Amino acid sequence: MKIQNICCIGAGYVGGPTMSVIAQKCPDIKITVVDVNASRIAAWNSDDLNQLPIYEPGLSEVIREARGRNLFFSTDVDLAIEQADMIFISVNTPTKTYGLGKGMASDLKYIELCARQIARVATTDKIVVEKSTLPVRTATAIKNILDNTGNPVQFQILSNPEFLAEGTAVMDLFNPDRVLIGGEETAKGLEAVQALVDIYSRWVPKEKILTTNVWSSELSKLTANAFLAQRVSSINAISELCEQTGANVTEVAKAIGMDSRIGSEFLKASVGFGGSCFQKDILNLVYIAKTYGLHQVADYWEQVILMNNHQRERFAHRIVKTLYNTVSDKKIAFLGWAFKKDTNDTRESAAIYVADYLLNEQALIQVYDPKVTAQQVYTDLNYLNSRTEVENEVLVKVHTSAYQACEDVHAIAILTEWEEFNTYDWELIYQKMQKPAFVFDGRNVLNKELLEKIGFTYSAIGR
Ligand code: NAD
Ligand code: UGA
């Protein structure tokens with residue numbers, strides 16, 4: 001079966017880049033990315049490629065080549081569904097904020113809405129691909145909805161979880177470690193799997209395309225994120241021990257990472273992992289384990305989250321303790337607000353939680369991030385109900401220059417590992433700060449020797 005027309009529902013951090021790369025690699029397939037969010041679609045269609053709704057290195061070049069040729073962004077969901085022979089579902093699956101499983105389970109309402117819309121609109125057979133990260137066995141629910149439409153249209157459900165990381169999305173898509181495709185183990189199922197294998201094999205070596213049953217594929221995605229997050233929490237746990245003992249966490253990470261069984265990647269101690277997925281996916285795994293009565297399994301994975309909460313709080317607490325146990329009315333600069341470098345995404349960023357803690361201690365915060373807008377910073381703090389104003393005094397100011405953000409402050413906190421921070425004139429920054437001048441490096445990215453030579457009191461995670 002040769003796919004000629006693809007529709008992707010959800011034009012977010014996954015749908016946008018994923019479909020752009022497929023479109024670039026497969027110029028003969030028409031791809032329409034649809035979304036209910038009209039302003040997001042307008043931004044994807046913007047002539048000015050700096051106005052794309054998400055920032056990813058290399059993305060604008062891919063969009064420039066494919067958009068208008070075989071890649072289209074639209075709000076007409078029904079039309080795109082009707083015309084497609086393969087439909088990717090890439091909508092958000094956040095943690096539930098209400099009802100049963102509140103705070104743990106994935107909220108699948110957007111997935112269900114998509115399934116119902118496909119069921120209502122489709123007049124020809126479709127392959128429906130789960131691209132969103134979903135709890136194991138979700139495909140059963142989607143299939144139930146699709147198979148009970150009363151019309152003779154046939155659906156095949158595939159699971160094709162996405163493993164890209166933000167900030168490196170385009171490179172990850174060009175050169176994935178693996179592509180995972182789960183399908184039903186029937187003749188029709190295998191045919192559908194092959195149709196998707198044929199698309200990826202245009203640029204991904206065959207040995208990197210893994211096919212499994214649907215449940216293995218769904219569960220592998222949650223498991224991969226849980227294992228990755230666990231590494232960060234593990235090294236962060238050791239970072240606290242390093243601070244007490246004089247060991248240096250960067251040296252420990254290097255020493256253990258050189259053991260090929262451990263590996264050197266993903267061992268950077270930090271103020272805590274953020275992003276839209278690690279916490280959500282582990283909570284979901286914990287919830288699934290609990291629903292099967294596997295309480296030890298649930299507790300084991302939950303500890304990864306608890307450690308992460310502790311790391312964020314510990315960092316904020318250390319700032320207060322070092323600044324003579326009070327930050328009330330003291331100005332603190334935040335360099336970085338995004339959850340990692342090279343993205344404008346701030347979802348679950350550690351910066352938000354550290355800011356909230358310090359605002360409760362009545363600190364004044366001056367934020368600078370190269371890619372995050374002031375409006376986004378305020379939205380994030382609003383969402384946590386952080387106090388951003390007291391008696392008309394604004395407690396959080398967002399600046400468009402790091403030098404401005406650092407002026408007159410008592411301390412600087414590094415929350416994101418943006419490379420530009422290392423290129424600053426730290427001597428100049430020092431001159432304009434209150435003394436003694438402190439730097440709290442939540443990402444271990446600055447040059448300790450250089451800063452100490454200038455006169456800063458420097459402390460970093462795990463050192
Ligand atoms: P996102 O919030 O950036 O994008 C989701 C989009 O879906 C939104 O624009 C929303 O308006 C749209 N949408 C929701 N319901 C819709 C509907 N019924 N019809 C049309 N559009 C609808 O989310 P994201 O970060 O792209 O994540 C999507 C999924 O991919 C999640 O399940 C996530 O866990 C998974 N994932 C994300 C990443 C990542 O790095 N962000 C990586 C791998 C997997
Ligand atoms: C992560 C996974 O890496 C992707 O494979 C997965 O597809 C994605 O989640 C998802 O399902 O959404 P992402 O969250 O975009 O990708 O970014 P990561 O590079 O994994 O970083 C996550 C967080 O961990 C960031 O806050 C980062 O700063 C932090 N981190 C990462 C550390 O603190 N130390 C490290 O060594 C690595």
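Start at 1 and go down the list; that is how both ligands and their atoms are numbered. Only a predicted model underlies this, so the values are computations on that prediction, with no experimental measurement involved.
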Which pair of heavy atoms, one from V320 and one from Y357, lies closest together, and at what distance? CG2-CE2, 4.0 Å

Looking only at protein heavy atoms, what sits closest to atom 34 (N) of ligand 2 is K268 O, 2.8 Å

Lys/Arg cation over aromatic F163: R178, 6.0 Å, 45° cone: yes

So, is K280 polar-close to ligand 1, with some N/O to N/O distance under 3.5 Å? yes

Backbone or side chain, does any N or O of L267 fall under 3.5 Å from an N or O of ligand 2? yes

Taking all non-hydrogen atoms of both residues, which atom of T346 and which atom of A338 are closest, and how far apart? CG2-CA, 4.2 Å

Is there a heavy atom in R347 that sits closer than 4.0 Å to ligand 1? yes

Considering only protein heavy atoms, which is closest to atom 18 (P) of ligand 2, and at what distance to one decimal place? K340 NZ, 3.6 Å

Measure the distance from atom 20 (O) of ligand 2 to every protein heavy atom, then report the residue, atom name and distance (to 0.1 Å) of the closest one. F266 CZ, 3.1 Å

Between W44 and F72 (side chain of the first, backbone of the second, donor and acceptor by atom type, cut-off under 3.5 Å), is there such a pair? no

What do you reckon, does T93 have a nitrogen or oxygen under 3.5 Å from a nitrogen or oxygen of ligand 1? yes

Does K221 come within less than 4.0 Å of ligand 2, judged by its heavy atoms? yes

May I ask which of T343, I54, V36 has a heavy atom nearer to atom 21 (N) of ligand 1 than the others do? V36

Please check whether T133 reaches ligand 1 - meaning an N/O of the residue sits under 3.5 Å from an N/O of the ligand, judged on distance alone. yes

Side chains of K340 and S349, donor plus acceptor under 3.5 Å: no

Count the heavy atoms belonging to other residues, nucleotides or ligands that lie under 6.0 Å from NZ of K25, then report whether that count exceeds 12. yes

The test is salt bridge (charged side-chain N to carboxylate O under 4.0 Å, His left out); show your working for E166 and R347 and say whether it passes. CA-CA 11 Å; E166 289 175 32; R347 290 178 288 181; 3.7 Å; yes

Is K206 close enough and on-axis enough to Y200, meaning under 6.0 Å and within 45°, for cation-pi? no

Taking Y55's backbone N and O only, do any of them form a donor-acceptor pair with N344's side chain (distance below 3.5 Å, no angle check)? yes

Will you find, in the side chains of K30 and T32, an N or O donor that is under 3.5 Å from an N or O acceptor? no

Tell me: protein heavy atom nearest atom 24 (O) of ligand 2, and distance? F273 CB, 3.2 Å

Could you tell me whether E166 and ligand 2 have an N or O pair separated by under 3.5 Å? yes

I'd like to know whether ligand 2 has G275 as a neighbour, heavy-atom separation below 4.0 Å. no

Taking N or O atoms only and a 3.5 Å limit, does T133 qualify as a polar contact for ligand 2? no

Residues Q376 and D380: side-chain donor-acceptor under 3.5 angstrom: yes

Honestly, for L164 the part within reach of ligand 2 (heavy atoms, under 4.0 Å) is backbone

Tell me whether the guanidinium CZ or amine NZ of K143 lies under 6.0 angstrom from the six-membered ring centre of F155 and within 45° of its axis. no

Contact atoms of ligand 1, heavy-atom distance to K221 under 4.0 Å: 43 (C)

Give the residue and atom name of whichever protein heavy atom lies nearest to atom 28 (O) of ligand 2, and the separation in Å to one decimal. R443 NH1, 2.6 Å

Please report which non-hydrogen protein atom sits nearest to atom 18 (N) of ligand 1, along with the residue it belongs to and the distance in Å to one decimal place. C114 SG, 3.8 Å

Please report the shortest heavy-atom distance between L180 and N160, naming the atom on each side. O-ND2, 2.9 Å

Polar contact flag for E162 and ligand 1 (N/O pairs, less than 3.5 Å): no

Looking only at heavy atoms of R231, does any of them come nearer than 4.0 Å to an atom of ligand 2? no

Which heavy atom in D441 sits nearest to a heavy atom in L446, and how many Å separate them? OD2-N, 2.8 Å

Shortest protein heavy-atom distance from atom 14 (C) of ligand 1, along with the residue and atom involved: N92 OD1, 3.3 Å

Any donor-acceptor pair under 3.5 Å linking the side-chain atoms of T223 with those of N225? no

Which protein heavy atom lies closest to atom 5 (O) of ligand 2, and at what distance to 0.1 Å? F163 O, 2.7 Å

Heavy-atom distances under 4.0 Å are what count here, so tell me which part of S90 touches ligand 1: side chain, backbone, both or neither. backbone

One residue to check: Q117. Relative to ligand 1, which of side chain, backbone, both or neither has a non-hydrogen atom less than 4.0 Å away? neither

Mind checking whether W301 and F227 have ring centres under 6.0 Å apart? yes

Below a 4.0 angstrom heavy-atom separation, can you tell me which part of I235, side chain or backbone, both or neither, approaches ligand 2? neither

Residue C277 vicinity, atoms of ligand 1 by number, heavy atom under 4.0 Å: 33 (C), 34 (O), 36 (N), 37 (C), 38 (C)

Kindly identify the option in D345, D35, T18 whose heavy atom sits closest to atom 12 (C) of ligand 1. D35

For E166, the ligand 1 atoms whose distance to one of its heavy atoms is below 4.0 Å: 39 (C), 40 (O), 41 (N)

Where is the tightest heavy-atom contact between G336 and W418, given as atom of each residue plus distance? CA-CD1, 4.2 Å

Under 3.5 Å: N/O of K131 near N/O of ligand 1: no

Under a 4.0 Å N-O cut-off, is there an ion pair linking D78 with R120? yes

protein heavy-atom neighbour closest to atom 14 (O) of ligand 2 works out as F339 CE1, 3.5 Å

Quick one: does G274 get an N or O within less than 3.5 Å of an N or O on ligand 2? yes

In this structure, which one of S239, S270, S233 forms a side chain to side chain donor-acceptor pair (under 3.5 Å) with Q311? S239

For ligand 1, is any non-hydrogen atom under 4.0 Å from V91's backbone (N, CA, C, O), its side chain (CB onward), both, or neither? both

N/O of G15 under 3.5 Å from N/O of ligand 1, yes or no? no

Nearest-contact summary for atom 22 (C) of ligand 2 - protein heavy atom, Å: F278 CE1, 3.6 Å

If hydrogens are left out, which of V14, V34, L222 has an atom nearest to atom 38 (C) of ligand 1, that is, the closest non-hydrogen atom? V14

Test salt bridge (charged side-chain N to carboxylate O under 4.0 Å, His left out) on E243 and R318; report intermediate values, then the result. CA-CA 11 Å; E243 287 163 29; R318 191 171 172 192; 3.3 Å; yes

Please work out, at 4.0 Å between heavy atoms, whether the side chain, the backbone, both, or neither of S132 comes within that distance of ligand 1. both

Test item: side-chain donor near acceptor, N447 and W426, under 3.5 Å: no

Assess R312 against Y353: is NZ or CZ under 6.0 Å from the centre of the six-membered ring, and within 45 degrees of the ring's axis? yes

Checking heavy-atom distances from atom 4 (O) of ligand 1 to each of S106, P94, G16, G12, the winner is G12

Of the listed options (F278, Y13, W44), which comes nearest to atom 24 (P) of ligand 1 when hydrogens are ignored and any heavy atom counts? Y13

For the 3.5 Å polar cut-off, considering only N or O atoms, please tell me whether R40 and ligand 1 meet it. yes

